[in-house]
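Comments concern the structure below.
Hydrogens, waters and symmetry mates are skipped; everything else that's a heavy atom, side chains included, is used.
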Amino acid sequence: MSETTAPAPTHPIQFDDAKRRLKAIFIGSVGNLVEWYDFYAYTAFALYFAPAFFPSHDPVVQQLNAATLFAAGFIVRPIGGWLFGHLADRYGRRLSLTLSVIMMCFGSLIIALTPTYATIGFAAPALLALARIIEGLSLGGEYGASATYLTEIADPEHRGFYSSFQYVTLIGGQLTAILVLLLLQNVFLTHEQLVEWGWRIPFVIGAMLAVTAMLMRRHMHETESFEAAKATMKKESSLKGLLKYPREVAIVVGLTAGGTAAFYTFTTYMQTFVRQTVGLSDMTTTYVIAGSLIFAAVLQPIYGMISDRIGRKPMLIFFGLAGSLLTVPILTALADTKSAFTAFLLICGAWIFTAGYTSINAVVKAELFPTAIRATGVAVPYAVTVSIFGGTAPAIALFFKQQGHEQWFYYYLAGVIFLSFLVYATMRDTKHASAMERHE
């Protein structure tokens, strides 16, 4: 008697593949959010802890000292980029991402537990500087490894969209820090308690979140690109390998300079700018910055999807041209307004063009390099450029403000963006000339 067996139900391969990619992107993105929360908690709470570490009668001097240490965290980022980029290229993206978040945990704990200047004197700002150096090393590796991971795990048709979540979570980290600030300001603590000891709470939270992210990252899928490249990988110094791609390194430096200066101006420095120059209250400042960051986060995947349709180069040119022409008018109008709503609209206006860079810069850099050197190629030149133009932006702006020439910073920023515009106008479109399928 013949027996007819009904075909077993099949699960669509496409659905399984999309589910796997989305899970990997979620885990990678959550870890990225935690790292950036830890890093930005410093900025969000600087107004409260600066007097504890930098005694002074002038609040601008206190914020300048705090901003200088913020910049110090960027100076070591190239070292972190090289170290964790080498680990990612040699031993895997997963290992590098896991170790970087562990290091961030230590940095947050140091800040949370360091006594004040009144208790241990100069050792207090010295320990704060050590913590920022540790966090800078961590972030130096996080950017390159996460940009590489998110780009490699995505399917070719949606790389711009998927990789844009690096900046969604990067901005999300800052939003989380601001949310913690709002809760402490409005629900749990008084202003005096925040200044006295409450500013330590966000760093304890950051350390706990970092442990959670580390446990999640231990189970991440390694990318297929890295697995394919292992068979042909050469045992050579990552920096030596990077020297084989001078043109690509120069492009990373050029396309990053203006974008990173704009990003740190409209995120990190905006809180100080809106509070001290515009003159809004602490609470109103927090709401304005939080609202503008939500707007910025929404723009990232939208612009990423657009880049998957029209290419990366048009998005970068839009940022470079609009940023060169509109930065000075926007910052001038922002400095002159006393309206919180107008300030919010102006910052959002700046994000309309800044997102042309932030949404796709990770995928553009990853598409420049073959697999064997990709994480190092993304991380090291980016970290060097961010150290020069990104991390120093708040300190440069505050220096001009202290000298009585705050508007000079507006022209400085517009000039740096214009230099990057020249690179955008002459580089190839990496969507159509990608090195993603090259392994060596």
Looking only at heavy atoms, the pair that brings Val274 and Thr285 closest together is CG1-OG1, 3.7 Å

Rounded to the nearest 0.5 Å, what's the gap from CD1 on Ile111 to CD on Glu135? Could you check?
4.5 Å

To the closest 0.5 Å, what do you measure between CD1 (Ile205) and CZ (Arg200)?
14.5 Å

Supply the atom-to-atom distance Thr385 OG1 to Tyr382 OH, rounded to the nearest 0.5 angstrom.
9.0 Å

Check: Phe161 ring centre within less than 6.0 Å of Phe165 ring centre
yes

Does atom CZ of Phe106 have more than 12 heavy-atom neighbours, drawn from other residues, nucleotides or ligands, at distances under 6.0 Å?
no

What pairs of donor and acceptor atoms, side-chain ones from residues 312-324 against any protein atom, are under 3.5 angstrom apart with sequence neighbours left out?
{"from": "Arg312", "atom 1": "NE", "to": "Glu367", "atom 2": "OE1", "distance (Å)": "3.3"}
{"from": "Arg312", "atom 1": "NH1", "to": "Ser307", "atom 2": "O", "distance (Å)": "3.4"}
{"from": "Arg312", "atom 1": "NH1", "to": "Ser307", "atom 2": "OG", "distance (Å)": "3.0"}
{"from": "Arg312", "atom 1": "NH1", "to": "Asp308", "atom 2": "OD1", "distance (Å)": "3.0"}
{"from": "Arg312", "atom 1": "NH2", "to": "Glu367", "atom 2": "OE2", "distance (Å)": "2.8"}
{"from": "Lys313", "atom 1": "NZ", "to": "Ala425", "atom 2": "O", "distance (Å)": "3.3"}
{"from": "Lys313", "atom 1": "NZ", "to": "Met427", "atom 2": "O", "distance (Å)": "2.9"}
{"from": "Ser324", "atom 1": "OG", "to": "Gly320", "atom 2": "O", "distance (Å)": "2.6"}
{"from": "Ser324", "atom 1": "OG", "to": "Phe418", "atom 2": "N", "distance (Å)": "3.4"}

OG1 on Thr267 to OH on Tyr167, rounded to 0.5 Å
9.0 Å

Tell me, do Thr327 and Phe409 make a side-chain contact under 4.5 Å, heavy atoms counted?
no

Applying side-chain contact (heavy atoms from CB on, under 4.5 Å), run through Leu150 and Val363 and close with a yes or a no.
CA-CA 8 Å; Leu150 292 176; Val363 68; over 6 Å; no

Can you tell me how far the OG atom of Ser359 sits from the CE atom of Met305, to the nearest 0.5 Å?
10.5 Å

Would you sort out whether Tyr287 and Phe344 count as a side-chain contact (heavy atoms from CB on, under 4.5 Å), showing the intermediate values?
CA-CA 9 Å; Tyr287 284 124; Phe344 166 74; over 6 Å; no

Hey, does Val168 have a side-chain heavy atom less than 4.5 Å from the side chain of Pro301?
yes

I'd like to know if the side chain of Thr212 reaches the main chain of Met208, judged simply by a donor and an acceptor atom lying under 3.5 Å from each other, with no hydrogens or angles considered.
yes

Between the side chain of Thr260 and the main-chain N/O of Ala257, is any donor-acceptor distance below 3.5 Å?
no

Sub-4.5 Å side-chain heavy-atom contact between Leu331 and Phe266:
yes

Within the 4.5 Å heavy-atom criterion, are Thr114 and Leu128 side-chain neighbours or not?
no

Check whether any side-chain heavy atom of Leu184 lies under 4.5 Å from a side-chain heavy atom of Phe45, and answer yes or no.
yes

Given the rule in the side-chain contact (heavy atoms from CB on, under 4.5 Å) test, do Thr256 and Phe389 qualify, once you have shown the distances and angles that lead to the verdict?
CA-CA 9 Å; Thr256 300; Phe389 295 100; over 6 Å; no

Heavy atoms only: give me the nearest Leu97-Ser146 pair and the separation to one decimal.
CD2-N, 3.6 Å

Between Asp89 and Thr376 (side chain of the first, backbone of the second, donor and acceptor by atom type, cut-off under 3.5 Å), is there such a pair?
yes

Under 3.5 Å, side chain of Tyr37 to main-chain N/O of Pro202, donor-acceptor pair present?
yes

What I'd like to find out is whether the side chain of Phe369 reaches to under 4.5 Å of the side chain of Thr148, using heavy atoms alone.
no

Please check if the side chain of Ser108 supplies one atom and the backbone of Cys105 the other of a donor-acceptor pair under 3.5 Å.
no

Minimal non-hydrogen separation, Leu255 against Val423, with atom names
N-CG1, 4.0 Å

Can you check whether Leu368's main-chain N or O pairs, donor with acceptor, with Thr430's side chain at less than 3.5 Å?
no

Between the side chains of Thr371 and Arg374, is a donor N or O closer than 3.5 angstrom to an acceptor N or O?
yes

side-chain contact (heavy atoms from CB on, under 4.5 Å) between Lys431 and Ile360, intermediate numbers included:
CA-CA 11 Å; Lys431 173 177 167 54; Ile360 63 167; over 6 Å; no

Is there a donor-acceptor contact under 3.5 Å from the side chain of Ser420 to the main chain of Gly258?
yes

Sub-4.5 Å side-chain heavy-atom contact between Glu406 and Phe273
yes

Residue pair Leu175 / Leu179, side-chain heavy-atom distance below 4.5 Å:
no

Main-chain N/O of Ala147 paired with Thr151 side-chain donor or acceptor, under 3.5 Å:
yes

The reported gap from CH2 in Trp197 to OG1 in Thr116 (rounded to nearest 0.5 angstrom) is 15.0 Å

What heavy-atom pair brings Ala262 and Leu413 nearest, and what distance separates the two atoms?
N-CD1, 3.6 Å

Testing the basics here: between Gly311 and Asp429, what is the closest heavy-atom pair and its distance to 0.1 Å?
CA-OD2, 3.4 Å

Can you name the closest pair of heavy atoms from Ala296 and Ile171 and give their distance?
CB-CD1, 3.8 Å

Main-chain N/O of Ser138 paired with Ser100 side-chain donor or acceptor, under 3.5 Å
no

Measure up the Trp351 and Phe263 rings against each other and bin them: parallel (under 30°), tilted (30 to 60°), perpendicular (over 60°).
perpendicular

Would you say Thr358 and Gln300 are linked by a side-chain donor-acceptor pair, where the criterion is simply a distance under 3.5 Å?
yes

